[in-house]
Amino acid sequence: AIDQAGDSFDSYPNGIAALFGPDAIPQAGLLQIVAFVGFLELFVMKDSANGAEPGDFPGDFRNGALDFGWDTFDEETKLSKRAIELNNGRAAQLGILGLMVHEKLNEIDMVADLPIIGALQ
C-alpha cells in the first residue's frame, strides 16, 4: 500500500487518466509531485559545472555532486560524448513515439503487420 487507505500503485490508471477521472491520483499527491520537481529545479539541478558559471555547456547538471572524471577528458572526447548522449536521447524519443503509436493502433483494433517481425499483439 502506498497510502493509509490501502491503495496500491496498481489501483491507479496509466497515462492521462492518472491525472483526471474517477480513479485519478488524489490532488495532495499531485501537489507533492509538483513541489518535489519544483524543489529539484530551483535548488538541485542547477545548470553549472562544479561551481562554474552557468552555461559551461547546456545540460551540465553535475553541481559537484557526481563527477565520474568528466574534467579529465580532452575537449574532443567531451564533444564526442555529448554528441553520443544527444543521439541516444533522440533514439529514445523515437522509441517512445513508436510505443505510443502502437498503443493507439491497438485501441482502434488495427493490427500492425510488420514485414520482418509480423503482427504485433
Side-chain angles (χ1 to χ4, degrees):
I2 60 171
D3 63 7
Q4 294 177 351
D7 295 319
S8 66
F9 285 107
D10 294 338
S11 64
Y12 296 107
N14 296 329
I16 197 74
L19 301 176
F20 307 105
D23 295 329
I25 297 172
Q27 187 176 10
L30 288 177
L31 289 176
Q32 288 176 12
I33 293 170
V34 170
F36 180 66
V37 169
F39 171 78
L40 290 177
E41 285 286 334
L42 294 174
F43 300 108
V44 178
M45 304 296 278
K46 299 282 187 181
D47 191 12
S48 61
N50 295 328
E53 290 297 319
D56 186 31
F57 63 89
D60 185 8
F61 296 114
R62 290 177 292 152
N63 293 324
L66 294 175
D67 188 8
F68 297 114
W70 180 258
D71 295 328
T72 62
F73 297 126
D74 61 0
E75 288 304 315
E76 184 178 344
T77 303
K78 288 179 182 180
L79 187 62
S80 171
K81 288 183 176 290
R82 285 196 297 262
I84 290 169
E85 183 65 21
L86 184 61
N87 286 331
N88 286 342
R90 290 174 177 155
Q93 289 173 3
L94 288 176
I96 289 293
L97 179 63
L99 290 172
M100 291 187 303
V101 167
H102 178 254
E103 188 157 324
K104 285 298 177 186
L105 290 177
N106 280 346
E107 285 181 9
I108 60 172
D109 292 328
M110 181 178 177
V111 176
D113 192 7
L114 303 175
I116 296 174
I117 62 173
L120 298 175
Q121 298 297 327

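Keep in mind the model is a prediction, meaning the values are calculated, not measured.
- The distance from the CG atom of L79 to the CG atom of D74 is 10.0 Å, given to the nearest 0.5 Å.
- By the side-chain contact (heavy atoms from CB on, under 4.5 Å) test, K78 pairs with W70, D71, F73, E75, R82, sequence neighbours left out.
- No single ILVMFWY cluster, assembled from side-chain heavy atoms under 4.5 Å apart, contains both I25 and L31.
- Applying the side-chain hydrogen bond (donor to acceptor under 3.5 Å, both in side chains) rule to pairs touching residues 12-33 yields D7-Y12, sequence neighbours excluded.
- Under a hydrophobic clustering in which Ile, Leu, Val, Met, Phe, Trp and Tyr are joined whenever their side-chain heavy atoms come within less than 4.5 Å, directly or via other members, F9 and L19 fall into the same cluster.
- Interatomic distance, L97 CG to L94 CG, rounded to the nearest 0.5 Å: 6.5 Å.
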*Could you go step by step and tell me if V37 and L40 meet the side-chain contact (heavy atoms from CB on, under 4.5 Å) rule?*
CA-CA 5 Å; V37 169; L40 290 177; 5.5 Å; no
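- Heavy-atom minimum distance, A18 versus P13: CB-O, 3.2 Å.
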